[in-house]
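This report refers to the structure that appears directly beneath it.
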Amino acid sequence: MNVSKSRRILGPVATEYTAMNTGSWRIERPQVNTDICIACGTCERNCPANIVVVSKEPVPSVVIDMNYCKGCGICSEVCPKDCIEMVLEQGENK
Ligand code: SF4
Ligand code: SF4
């Protein structure tokens, strides 16, 4: 079989990342316990979608753009304080 034909793309492909609403892929969502977050930024640096913003001031905060969070759970895995829990999505993307 012709290799190039066997790899032909058969569906729509977004050429701009922001054109994909990857939030609709999500089965679980990250839930951050900011009481124990130390604002180290590990989740921000490791999110493959680059949609996490961590701030130290005035208090530690983690903002995740749920329009693009695909629920992969990497942020939860890498958090050194175990303060990101993945919880079942309830059917909405906000
Ligand atoms: S990795 Fe954990 S402790 Fe560090 S900023 Fe993210 S949520 Fe906070
Ligand atoms: S679940 Fe995945 S996509 Fe969503 S914020 Fe965490 S690392 Fe990023």
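Whatever order the structure lists them in is the order used to number ligands and atoms, beginning at 1.
Two different hydrophobic clusters hold Met66 and Met86 under the rule that ILVMFWY side chains link at heavy-atom gaps under 4.5 Å.
At least one side-chain heavy atom of Cys72 sits under 4.5 Å from a side-chain heavy atom of Pro48. Contact of the Cys75 side chain with the Pro30 side chain is registered, since non-hydrogen atoms from C-beta on lie closer than 4.5 Å.
Listed by number with element, the atoms of ligand 1 under 4.0 angstrom from any heavy atom of Ala39 are 5 (S), 8 (Fe). Near Ile64, meaning under 4.0 Å from any of its heavy atoms, are these atoms of ligand 2: 5 (S). Proximity to Gly41 (heavy-atom distance under 4.0 Å) selects the following atoms of ligand 1: 4 (Fe), 5 (S). Shown in contact with Ile84 at under 4.0 Å from a heavy atom are these atoms of ligand 1, numbered in order with element: 7 (S). Close contacts of ligand 2 with Gly73, meaning ligand atoms under 4.0 Å from a residue heavy atom, involve 1 (S), 2 (Fe). In summary, the atoms of ligand 1 found under 4.0 Å from a heavy atom of Thr42, numbered by their order in the structure, are 1 (S). Each of the following atoms of ligand 2 lies closer than 4.0 Å to a heavy atom of Gly71: 1 (S), 4 (Fe). With ligand atoms numbered from 1 in the order given, ligand 1 contributes 1 (S) to contacts under 4.0 Å with heavy atoms of Pro80. Atom numbering of ligand 2 starts at 1 in the shown order; those under 4.0 Å from a heavy atom of Pro48 are 7 (S).
Within the 4.0 Å heavy-atom criterion, both parts of Cys40, backbone and side chain, lie near ligand 1. Under 4.0 Å from ligand 1, not a single heavy atom of Val52 appears. Looking at Ile51 against ligand 2, only its side chain comes within 4.0 Å, counting heavy atoms.
Nearest non-hydrogen protein atom to atom 2 (Fe) of ligand 2 is Cys72 SG, 2.3 Å. Closest to atom 3 (S) of ligand 2, if we only count protein heavy atoms, is Lys70 N, 3.5 Å. Looking from atom 6 (Fe) of ligand 2 to the surrounding protein, the closest heavy atom is Cys75 SG, 2.3 Å. The protein atom (non-hydrogen) at minimum distance from atom 8 (Fe) of ligand 1 is Cys37 SG, 2.4 Å. When hydrogens are left out, the protein atom nearest atom 4 (Fe) of ligand 2 is Cys69 SG, 2.4 Å; that is the closest non-hydrogen contact.
Between the side chain of Arg26 and the backbone N or O of Cys69, at least one donor-acceptor pair lies under 3.5 Å. Using modelled atom types, no side-chain atom of Arg29 and backbone atom of Gly23 make a donor-acceptor pair closer than 3.5 Å.
At least one N/O/S atom of Cys47, whether from backbone or side chain, sits less than 2.8 Å from atom 8 (Fe) of ligand 2.
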